[in-house]
Asker: 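Structure in structure tokens, see below.
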Amino acid sequence: MNKRFLAAGASVAAAAMVLTACTPPGGGDDEEASKDTAVNIGWNESFRSMNTLTANGNATSNAILTYMMNDNFGYYDDKLEVQEGSLGKIEKVSDDPLKVKYTFNDDAKWSDGTPVDAADLALTWAGTSANFNTVESNNNDDGSVKKNDGKTVYFDSSTAGSALVKKFPEISEDGKEITLEYSKPYADWQTEFGTGADGVGVPAHIVAKKALGVDDPQKGKDAILKAIKDKDTAALSKISNMWNTGFDFTSMPKDEDLLVHNGPYKMTKFEEGQYVTLELDDKYTGPIKPKVKTVTVRYNGDPMAMIQAIENGEVDMTQPQATADVLSAAEDIEGVNVDAADGATYEHVDFTFDNKGPFDPAANGGDEEKAKKVRQAFLKALPREDIVEKIIKPLNDKATTRDSYSQVPGSPMYDAITKVNGVADAADGDVAAAKKLLKEAGVDAPTVRVMYDNTNSRRQQEFQLIKESAEKAGFKIKDVGDVNWGTRLGDGTYDVSLFGWQSEGTGVTENDANFRTGAQNNYGGYSNEKMDKILDKLLVSKEDQQQDLLIQMEKQLTEDAFGAPIFQFPELTIYRDSVKNVKSTAVSPTMFWNYWEWEVN
């Protein structure tokens, strides 16, 4: 799952990446790009929003398409280095205070001809900072965002870096430059805004048109900026409503304003739950020149159905859920390439600390140590090695458990951190030790509700292995699996959740959303002042400080029995010989990162 608020997911590599200077992505020349070429891609989940910055919109199924429909200031390549994008340039203009300037290229335009400029980035800052929200949350019981009333401002998003920008930004007279000042140093300033599929966010002039009734694009931008600068609650209430849900749709919208974009591709067809078609936009003025005219993404959640579609020639590329059967079937098809690697997602279990369940001190007479011992007992029984051996090694015979909350196996700091963080000892499948811990806690046969996607075959296998081991240790396991597990995260109806985080970048500050008190990805209600202080230091850390701080963070998570990582997802990129230059990267948007290089024979 790629659901963050925002910046959820593990940090793939420890160091903050510096933008690598290069020419903007090219592709074919104009003649090549105009050829009637097409690629069909298989994907498991349907598109649902043009705004990837909201809780609902932030999903890989959206990002793979918005990435092709919108330009950016930077993107991750297959070596996890950040390359300069096509919208313009980013530069740090001051260290104390930290100031970062974004300069838009003259040819950066929305598809309706309106310039892409400071107003768009200012709106993204307002929407992701939580600095303008008048309430901490405004959500329904199912997690969906409510419509704000006229006295309420709530943007359904929050990032640690954006929140540190307190002052209204400096904007040049022509709107082509915007300078953001951070209230304290921030480690990941290079990638906080304008990176990857998020780009600069949704078009401010369209938000103004729909929310404020201002049809003129420039007047609309001015109205957005004025509302932000004046902290105008009435206007921001309407703006946040449009920003939160106005760009959501599950089939081709009748309102073409919702399709306004600034990248080389435009959406031309969308059949709900079936497929989306993108075509090169002849109005695009930027430097990217893709070689493929039409890209159609076809949806099917069954990985074997995707393999069948590859074999039948209905699909040219896919990244289905990796299983031994899928790998075997794909390898048997002539004219098909199968690239296997660690993916962007890692599997993990989290505990719920605040639902009066077996891991909550409130259910243990308020005794925090007793509750922690119960959590430690469950972790001790967690059969991570068994899970990897039986489910993952058939796909990758070199697979190991993932023993870090923040690092991918093989990344620069992984060995140093896992040597001392205690994860491997805390969750080693030792049933006898788990029994002993439960006895020490004085808790007899506690019932644990485990929530996971019960339509996912791999998760079903994981659940059974966990259930068998935990019940041997003295727990009673209740299956509360649900196909709609994602909407239940944080609702308190389960004690253990089993799902995956997908990385969107390599910054150390991505940990903040998962482990800070009250943070939006902290679904289990975990809270520790020591952890919050460590995260405070990470936000402003320099590169040579980050390994030590990450070690402190991971030791604290182990000490508190927060949960445990299990394994890095194996990823299969499967594509026909007819498509060239297909490469994946270990962060979202995976194999779409270099779409302009794709060639079709």
Side-chain angles (χ1 to χ4, degrees), residues 27-28 32-52 54 56-71 109-113 197-199 202-203 206 210 245-286 288-302 305-306 308-310 312-320 575-576 578-579 582 588-596 598-600:
E32 285 181 302
S34 66
K35 289 180 180 177
D36 192 19
T37 54
V39 167
N40 289 286
I41 300 173
W43 205 255
N44 66 339
E45 185 181 10
S46 183
F47 181 90
R48 61 177 181 266
S49 182
M50 289 287 280
N51 190 355
T52 57
T54 67
N56 178 61
N58 183 252
T60 305
S61 56
N62 298 322
I64 59 176
L65 297 181
T66 60
Y67 184 70
M68 293 191 287
M69 288 190 282
N70 290 296
D71 287 345
K109 289 185 172 65
W110 293 101
S111 52
D112 60 4
D198 295 338
V202 293
I206 297 299
K210 303 301 178 186
T245 61
F247 293 90
D248 297 349
F249 51 87
T250 56
S251 61
M252 197 66 180
K254 294 180 180 178
D255 186 351
E256 293 186 359
D257 285 343
L258 304 184
L259 299 176
V260 171
H261 58 282
N262 60 55
Y265 282 99
K266 62 182 177 180
M267 186 181 294
T268 57
K269 295 178 183 177
F270 185 4
E271 290 292 332
E272 184 167 2
Q274 298 181 49
Y275 67 88
V276 169
T277 296
L278 305 184
E279 293 183 10
L280 285 178
D281 189 345
D282 57 12
K283 295 180 181 177
Y284 173 67
T285 57
I288 301 178
K289 294 184 172 68
K291 299 178 180 181
V292 176
K293 182 179 180 181
T294 304
V295 177
T296 297
V297 179
R298 302 185 181 279
Y299 300 115
N300 194 317
D302 182 350
M306 280 300 175
Q308 187 67 52
I310 284 273
N312 295 342
E314 299 165 5
V315 166
D316 302 303
M317 301 160 56
T318 188
Q319 282 182 325
Y575 55 100
R576 303 184 66 80
S578 56
V579 186
V582 178
S588 176
T590 65
M591 66 179 177
F592 291 79
W593 76 267
N594 67 329
Y595 65 84
W596 56 87
W598 295 344
E599 293 183 57
V600 181

Asker: In Å and rounded to the nearest 0.5 Å, what is the CG to CE distance from Asn44 to Met306?
Answerer: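 Going from CG on Asn44 over to CE on Met306, the span is 7.5 Å.
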Asker: What do you reckon, is CD of Glu314 surrounded by more than 12 foreign heavy atoms closer than 6.0 Å?
Answerer: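 Enclosed.
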Asker: Could you state the interatomic distance from CD1 (Ile64) to CH2 (Trp43), rounded to the nearest 0.5 Å?
Answerer: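 So the CD1 of Ile64 and the CH2 of Trp43 are separated by 5.0 Å.
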Asker: Please answer whether the main-chain N or O of Asn62 pairs with a side-chain N or O of Arg48 as donor and acceptor at a distance below 3.5 Å.
Answerer: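 No.
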Asker: Under a 3.5 Å threshold, yes or no: a donor from one side chain and an acceptor from the other, between Tyr284 and Asp71?
Answerer: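 Yes, Asp71 and Tyr284 have a side-chain donor paired with an acceptor closer than 3.5 Å.
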Asker: Got a donor-acceptor contact below 3.5 angstrom from the Ser578 side chain to the Val600 backbone?
Answerer: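 It does not hold such a pair.
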Asker: Over all heavy atoms of both residues, which pair between Ile310 and Met317 is shortest? Give the atoms and the distance, please.
Answerer: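 Taking every non-hydrogen atom into account, CD1-N, 3.9 Å.
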Asker: Out of Thr277, Asn40, Thr318, which one pairs with Arg298 under the side-chain hydrogen bond (donor to acceptor under 3.5 Å, both in side chains) rule?
Answerer: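 The passing option is Asn40.
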Asker: Could you tell me whether a side-chain N or O of Asp248 sits under 3.5 Å from a main-chain N or O of Ser49, the two making a donor and an acceptor?
Answerer: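 No, because the side chain of Asp248 does not come within donor-acceptor range (under 3.5 Å) of the backbone of Ser49.
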Asker: Give a yes or no answer on whether the side chain of Asn51 reaches the backbone of Gly57 with a donor-acceptor pair at less than 3.5 Å.
Answerer: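 No: the side chain of Asn51 does not pair with the backbone of Gly57.
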Asker: Could you tell me whether the side chain of Ser111 and the main chain of His261 form a donor-acceptor pair under 3.5 Å?
Answerer: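 Such a contact is found between Ser111 side chain and His261 backbone.
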Asker: Using a 3.5 Å distance criterion without hydrogens, assess whether the side chain of Asp281 forms a donor-acceptor pair with backbone atoms of Lys266.
Answerer: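 No, Asp281 side chain to Lys266 backbone: no donor-acceptor pair under 3.5 Å.
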Asker: Quick one: do Val276 and Tyr299 satisfy side chain to side chain contact (heavy atoms under 4.5 Å, CB included)? Show the steps, please.
Answerer: CA-CA 9 Å; Val276 169; Tyr299 300 115; 3.5 Å; yes
Asker: Show the nearest heavy-atom pair for residues Pro290 and Tyr265, with the distance to one decimal.
Answerer: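 Closest heavy-atom pair between Pro290 and Tyr265: CB-OH, 3.4 Å.
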Asker: Check whether Asn58 reaches the backbone of Thr52 with its side chain - one donor and one acceptor, N or O, closer than 3.5 Å.
Answerer: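 Looks like yes, one N/O pair under 3.5 Å.
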Asker: Parallel, tilted or perpendicular for Phe47 and Phe270, by the 30°/60° rule?
Answerer: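 Rings of Phe47 and Phe270: perpendicular, as their planes differ by over 60°.
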